[in-house]
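Here the structure is laid out as structure tokens; the discussion comes afterwards.
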Amino acid sequence: MIRIHLYRAVQLSVLVGLVVFIPLLYVLLSDDIQFQLMVMIVYFILVHTCFVMIGMLNLARAMVKKLPIF
């Protein structure tokens with residue numbers, strides 16, 4: 001059970017790396033600096049919140065010895 005939770009945590013970490021790379025390319029290739037900043041702040045807040053919620057849910061499931069969701 002512990003190995004499964006560790007494996008899922010590593011998978012989510014790799015997924016976060018890929019998900020952050022996509023808007024980073026947009027920001028680097030765009031010319032409007034104000035729009036870049038707005039997109040990155042909103043994107044970071046939304047994506048970070050989603051992954052924190054998934055992590056909290058999986059941590060709670062690990063504490064009651066259930067399989068992770070994802």
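Listed here is the closest heavy atom pair of I4 and L67: CD1-CD2, 3.7 Å. In terms of heavy atoms, H5 sits closest to N58 at CE1-O, 3.6 Å. In terms of heavy-atom proximity, Q36 sits nearest to S30 at NE2-O, 2.6 Å.
For I33, the CD1 atom counts as loosely surrounded, since its 6.0 Å shell holds 12 or fewer non-hydrogen atoms of other residues, nucleotides or ligands. Crowding of I2 atom CD1: a count of heavy atoms from other residues, nucleotides or ligands under 6.0 Å not exceeding 12.
Y43 is connected to V16 through a chain of hydrophobic side-chain contacts under 4.5 Å among Ile, Leu, Val, Met, Phe, Trp and Tyr, so both are in one cluster. Residue V47 is grouped with residue L15 when hydrophobic side chains (ILVMFWY) are merged at heavy-atom distances under 4.5 angstrom, including chains of intermediate members.
Among L37, D31, D32, the single residue meeting the side-chain contact (heavy atoms from CB on, under 4.5 Å) criterion with F35 is D32. Of the residues listed (R61, R8, Q11), the one engaging P68 in a side-chain contact (heavy atoms from CB on, under 4.5 Å) is R8, and it is the only one.
The distance from atom CG of L12 to atom CD1 of I54, rounded to the nearest 0.5 Å, is 6.0 Å.
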